[in-house]
2 protein chains.
Amino acid sequence: MSKLQEMVAALPAEPCCPALTERELTAEEAELTAAMFKALGDPVRLRLFSKVASHPDSEACVCDIADVGVSQPTVSHHLKKLKEAGLLASERRGTWVYYRVEPAVLAAMGRLLTPAPAKAA
Amino acid sequence: MSKLQEMVAALPAEPCCPALTERELTAEEAELTAAMFKALGDPVRLRLFSKVASHPDSEACVCDIADVGVSQPTVSHHLKKLKEAGLLASERRGTWVYYRVEPAVLAAMGRLLTPAPAKAA
DNA sequence: TGACAACATAGACGTATGTCGAAGCTTCAG
DNA sequence: CTGAAGCTTCGACATACGTCTATGTTGTCA
């Protein structure tokens, strides 16, 4: 189990962190959250994630998404990173390996980016 | 002007990209969007951004947020990165420099992370 | 003008990251 | 029991990144 996964497992509850606009993150929260953003901070990984996310049931075989312009080992490497960040889960079904997005994590990240409420003028 | 800022300026409209779950991103979209996630993918930058975002009017002087455990030049370096990614804007007011979050960009990123609609069972 | 405060830039350095080809592991068809 | 397909792991390499100290720049105030 990756270090990040341990951190995730040790978290109090599902909603990891408050919106970035609500209060400043603690160092620990920032460490955890930054790792998730970092995972999406590579063009190849972002495309892979988007390919999985936009598939039916948010799930896809590696063979369905591997066409992103890099070698197959590199694809595998990036999928591993996404998995370690908690964004994807994988499961082997016969010859193929399927990756699926973790909807709760996606929602949590979206919540982080909630814009600040408009100030009373 | 940074290369990224040029890319941003060349974009068609405000809402950069569809939700990641809607359709797969093109290589170009992924390049642009990954740069934004990457900017938030460092713990120090994420804390700086959060500090600015959680200040009144989503605006803060460097001196108000510089206490994140790294040297002053490093803070300046990270703020520059956030600015180049289009997440912050800066303005000098006398002796101090104020950084402000770009609300539209924050909202656009949040939209990217919209979870997929639940499939009909 | 000079001194100081607030930030930014420059240069250097160690580490992390993205990429590849080669080799290894699983599973299934024959 | 092969052999092949699908994926992962390994090892190597160039580049990018985060950090620091030293130095610039810009503005204020006496």
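Each chain gets a letter, A, B and so on, in the order the sequences are listed, and its residues count up from 1. Computed from a predicted model, the values in this text were never measured in an experiment.
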**Asked** What closest approach, in Å, do A:Thr114 and A:Thr21 show between heavy atoms, and which atom pair accounts for it?
**Response** O-OG1, 3.1 Å
**Request:** Establish, with yes or no, whether the OP1 or OP2 oxygen of C:dT17 is under 4.0 angstrom from a side-chain nitrogen or oxygen of A:Lys38.
**Result:** yes
**Message:** Please give me every residue in residues 42-53 of chain B whose heavy atoms get under 4.0 Å of an atom in DNA chain C, ordered by residue number.
**Reply:** none
**Message:** Tell me whether A:Glu102 is salt-bridged to A:Lys83, with the criterion being a basic N under 4.0 Å from an acidic carboxylate O.
**Reply:** no
**Request:** Within residues 66-73 of chain A, find the residues that approach DNA chain C with a heavy atom at under 4.0 Å, and present them sorted by residue number.
**Result:** A:Val70, A:Ser71, A:Pro73
**Any residue of residues 74-82 of chain B with a heavy atom less than 4.0 Å from an atom of DNA chain D** = B:Thr74, B:His77, B:His78, B:Lys81
**Asked** Nearest 0.5 Å, what's the CZ-CG distance between B:Arg111 and A:Leu113?
**Response** 11.5 Å
**Message:** Could you work out, with side chain to side chain contact (heavy atoms under 4.5 Å, CB included) as the rule, every residue matching B:Ser71, not counting sequence neighbours?
**Reply:** B:Pro73, B:Thr74
**Asked** Is B:Tyr99 close to B:Leu82 at the side-chain level, that is, under 4.5 Å between some pair of heavy atoms?
**Response** no
**Request:** Only counting residues at least two apart or in another chain, list the ones meeting side chain to side chain donor-acceptor pair (under 3.5 Å) with A:Arg23.
**Result:** A:Glu29
**Request:** Report yes if the side chains of B:Cys63 and B:Trp96 come closer than 4.5 Å at any heavy-atom pair, otherwise no.
**Result:** yes
**Prompt:** Does A:Ile65 reach the side chain of A:Leu79, with side-chain heavy atoms less than 4.5 Å apart?
**Reply:** yes
**Prompt:** Heavy atom of residues 89-101 of chain B under 4.0 Å from DNA chain D: which residues?
**Reply:** B:Arg92, B:Gly94, B:Thr95
**Prompt:** Has the side chain of B:Asp42 got a donor or acceptor atom that lies under 3.5 Å from a matching backbone atom of B:Val44?
**Reply:** yes
**Item:** Heavy-atom donor-acceptor pair, B:Arg45 side chain to B:Ala39 backbone, under 3.5 Å
**Value:** yes
**Message:** For the backbone of B:Ser50 and the side chain of B:Ser54, can you confirm whether one donor and one acceptor N or O come within less than 3.5 Å of each other?
**Reply:** yes
**Request:** Please state how far atom CG in A:Leu88 lies from atom P in D:dT8, giving the value in whole angstrom units.
**Result:** 11 Å
**Item:** B:Val68 versus B:Arg47, closest heavy-atom pair with distance
**Value:** O-NH1, 3.8 Å
**Asked** Would a hydrophobic clustering, with Ile, Leu, Val, Met, Phe, Trp and Tyr connected at side-chain separations under 4.5 Å, put A:Val62 with A:Val70?
**Response** yes
